[in-house]
There are 2 protein chains.
Amino acid sequence: MSGLPTVTDVALAAGVSRQTVSNVMNSPGIVRADTRERVEAAIKELGYRPHASARRLRTRRSSTIGIRLDPMIDGISGSVLDRFLHALTEQADAQGLRVLLFTATSPDDEITQFQRLNDGADVDGFVLTSTFAGDPRTQWLIANGISFVTFGRPWGDDDLNDPQHLWVDVDGWAGLHEATRAQQDAGARRIAYIGWPSPSGTGDERRRGWYDAMMERGDVSAEELARLEIVTTDGVSQGTAAMTELRQNAGRLDAVLCASDSLALGAMIANPGRVPVTGYDNTPVAAAVGLSSVDQAVDEVAAGVLDLLTGEFGGRVHGAPESDEPRHRLITPRLVVREFAAIPMDVP
Amino acid sequence: MSGLPTVTDVALAAGVSRQTVSNVMNSPGIVRADTRERVEAAIKELGYRPHASARRLRTRRSSTIGIRLDPMIDGISGSVLDRFLHALTEQADAQGLRVLLFTATSPDDEITQFQRLNDGADVDGFVLTSTFAGDPRTQWLIANGISFVTFGRPWGDDDLNDPQHLWVDVDGWAGLHEATRAQQDAGARRIAYIGWPSPSGTGDERRRGWYDAMMERGDVSAEELARLEIVTTDGVSQGTAAMTELRQNAGRLDAVLCASDSLALGAMIANPGRVPVTGYDNTPVAAAVGLSSVDQAVDEVAAGVLDLLTGEFGGRVHGAPESDEPRHRLITPRLVVREFAAIPMDVP
DNA sequence: TGACTTTATTTGATCGATCAAACTTTTCTT
DNA sequence: AAGAAAAGTTTGATCGATCAAATAAAGTCA
């Protein structure tokens, strides 16, 4: 025994066979108690650690999940995915799963990577983020029978209930509905919304949350509501511009809700009246400047992803399709309320 | 051939032996050109992909590097490590290396993970972040002959030139020196510095950059300089407090430099005089609010790390110790100057 | 007790690739 | 052109674990 100890070494030391050692590690139940203890002692004694690659070669599974690390975009909202990655890694670790990162320049390139990692038995499955309508990646994975779970629901028409597409998502509707309610309960009537142009899966959901809550209360007529809504692309300066426009055209404002923290930060900058502003994503920026925000609860998302991936359907996408356990999780976000602290700022 | 094609399948198809196929992939030089083409055609034809785990079992190397994903701290500065991770993954991918994530609850736990991943042939080496004085991790890795590179120089007394400790770091001194110079060139004389308590490896470096630049110019006496310096722990509100204190006790302020973007953001909040504030890390927050900041150039850091890891010394830490190629890289950061945009804000 | 299960353990084969050494072909010497 | 050296290719063994099937031990029942 020159290098690290192997099963054979342990078997020899414990006076049993290789297979028994293997059984102690993988199916302890079928080994008699006293034998098991002897083997466990030998394992400890020799400091034995199973050779992961050898095991993978034989079992054809790697206990590793692959996830693509998206390129950094603006940075503010990008941190949500980073936080998700943290949560995922932490929880995967706790289950003995490893997380392998990779990058890709396009969806097609990403598919190439899927193939490479899957064929090499590098990973057992994938976690996808940033899904979009007509996403070729999910189609390819399904066609090739590779396990995966998406963070983000499928936005295609009839994909939502595709039994082969497991997904976890955050209920943006509920998030904005709650945020709107919170402002209403605090006495606000005229609550504006700065959102993204349609069609945008997530954006439309969030907008609807605000819209429904407003309509339910009925404080504002439908026509007035239209004046309280502004559509713009994401970004801090866009938020500032939108807020300026609202102040000029929307009449009195009791509160402003935004589709993202970037927009919210921008809105705060042009907010001398100190109207309460609420963002979305609860990014570090929101925490730093004391901005209320809707928190996506990445921990719960990560838990859901792993649950689906390793659960009844997870080992293999095609496993046990007859069961009727739900194939997705819709997480309700949490509203984080912060004092309207060191803000507002003045436009120079 | 039921499953995926193997070397044997390719060999059969190309009319050569397994080993020749293997040679085509690993040492193309020793295979005759026409044979090689035939094999390559067969590989393409069959869509053959080598089985990563099998290869690892045999070669005892994995082409994978492990990196611990630090727990999220405050979030603002934490994004530097996330950006580094992005850069590392991207560049590792380009070199055919994979990045495996893991988490740990303490340095000792991290060492346990090192052992597990190393023994299982899961990784060839590690990238460490957030090193500190007397770090047990580097000692353990050196003692066990495991390859690693740290992002962050060793802070122990005589470790800096330890030939077994490869490291890459950003020259904080140069960063603050340049930032100070930039303000001086713009006409500023009385430049304050908000930093961290000593001893702090990185913090002390940065402070010294400011201090040296101030002394070189000689606009301010040493006693006055002491009044222009404030020491505090990191955080947005600490930055606000420090700025308030400076305004009360330090006399006229022409500019303020901070050890972090968190402090800088805080400083800006208590900055009605619109004194130029410069942060450190060039985080998304700095970009969003239009704050000048020192950029750590994570791309260069990542390149340096990979270079050291895969280079002459990288394959094995103990490899070729007789060469005199430098065993570390000191990256010069870049000052990112931004207009003092939508800020300042007023304290309510 | 002896035949018959059930439970526990062992043996031989295998996963897919590469290493090391043997072997064959080509190229170089003189 | 014969013999030596170099280049190219093939064969058998091996990495460390698990699977599948065979064997041994323990427990059950008439």
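Quick note on labels: first sequence line is chain A, next is B, and so on, each numbered from 1.
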Would you kindly give the CG-to-C1' distance between A:Leu4 and D:dA17, to the nearest whole Å?
14 Å
Let me know the distance between OH of A:Tyr48 and P of D:dA17, rounded to the nearest Å.
3 Å
With sequence neighbours excluded, tell me which residues meet salt bridge (charged side-chain N to carboxylate O under 4.0 Å, His left out) with A:Arg32.
A:Asp34
On the nucleotide C:dA17, are OP1 or OP2 found under 4.0 Å from the side-chain N or O atoms that B:Ser22 carries?
no
Which whole-number value in Å describes the distance from A:Asp122 CG to C:dG16 P?
15 Å
Just how far, in rounded Å, is C1' of C:dT14 from CZ of A:Arg56?
19 Å
Could you tell me how far apart A:His51 (NE2) and C:dC15 (P) are, to the nearest whole angstrom?
19 Å
List for me each residue that meets side chain to side chain donor-acceptor pair (under 3.5 Å) alongside A:Gln19, sequence neighbours excluded, and say none if there are none.
A:Asn23
Residues which pass side chain to side chain donor-acceptor pair (under 3.5 Å) with B:Ser53, listed by chain and number, not counting sequence neighbours:
none
Listed by chain and number, what are the side chain to side chain donor-acceptor pair (under 3.5 Å) partners of B:Asp108, not counting sequence neighbours?
none
Suppose we screen for salt bridge (charged side-chain N to carboxylate O under 4.0 Å, His left out). Which residues come up paired with A:Arg137, at least two apart in sequence or across chains?
A:Glu110, A:Asp135
Output a table of nitrogen or oxygen pairs between the protein and nucleotides 6-12 of chain D separated by less than 3.5 Å.
{"unit_1": "D:dT9", "atom_1": "OP1", "unit_2": "B:Thr35", "atom_2": "OG1", "d": "2.4"}
{"unit_1": "D:dT9", "atom_1": "OP2", "unit_2": "B:Arg32", "atom_2": "N", "d": "3.1"}
{"unit_1": "D:dT10", "atom_1": "OP2", "unit_2": "B:Ser17", "atom_2": "N", "d": "2.9"}
{"unit_1": "D:dT10", "atom_1": "OP2", "unit_2": "B:Ser17", "atom_2": "OG", "d": "3.1"}
{"unit_1": "D:dT10", "atom_1": "OP2", "unit_2": "B:Thr20", "atom_2": "OG1", "d": "2.8"}
{"unit_1": "D:dG12", "atom_1": "N7", "unit_2": "B:Arg18", "atom_2": "NH2", "d": "3.1"}
{"unit_1": "D:dG12", "atom_1": "O6", "unit_2": "B:Arg18", "atom_2": "NH2", "d": "2.5"}

Test of understanding: with salt bridge (charged side-chain N to carboxylate O under 4.0 Å, His left out), list the residues that count as partners of A:Asp169, not counting sequence neighbours.
A:Arg153
Nearest whole angstrom, please: distance from the P of C:dT18 to the CG of A:Leu57.
12 Å
With axes from five pairs an end, tell me the bend angle of the helix from C:dT1-D:dA30 to C:dT30-D:dA1, nearest 10°.
30°
Roughly how many Å is it from CZ in B:Arg60 to C1' in D:dG16, rounded to a whole number?
8 Å
Please list, one pair per line, the donor and acceptor atoms closer than 3.5 Å that link side chains of residues 36-49 of chain B to other protein atoms, with sequence neighbours excluded.
{"unit_1": "B:Arg36", "atom_1": "NH1", "unit_2": "B:Pro28", "atom_2": "O", "d": "2.9"}
{"unit_1": "B:Arg36", "atom_1": "NH1", "unit_2": "B:Val31", "atom_2": "O", "d": "3.3"}
{"unit_1": "B:Arg38", "atom_1": "NH1", "unit_2": "B:Ala14", "atom_2": "O", "d": "2.7"}

Just by distance, do the side chain of B:Asn118 and the backbone of B:Phe114 share a donor-acceptor pair under 3.5 Å?
no
Provide, to the nearest angstrom, the distance between the CZ atom belonging to A:Arg61 and the C1' atom belonging to D:dA17.
15 Å
From D:dT18, C:dA17, D:dC15, pick the nucleotide closest to the side chain of A:Asn26?
D:dT18
Would you say the side chains of A:His51 and A:Thr6 form a donor-acceptor pair under 3.5 Å?
no
Within the 4.0 Å heavy-atom criterion, would you say B:Arg49 contacts the bases, only the backbone, or no part of the nucleic acid?
sugar-phosphate
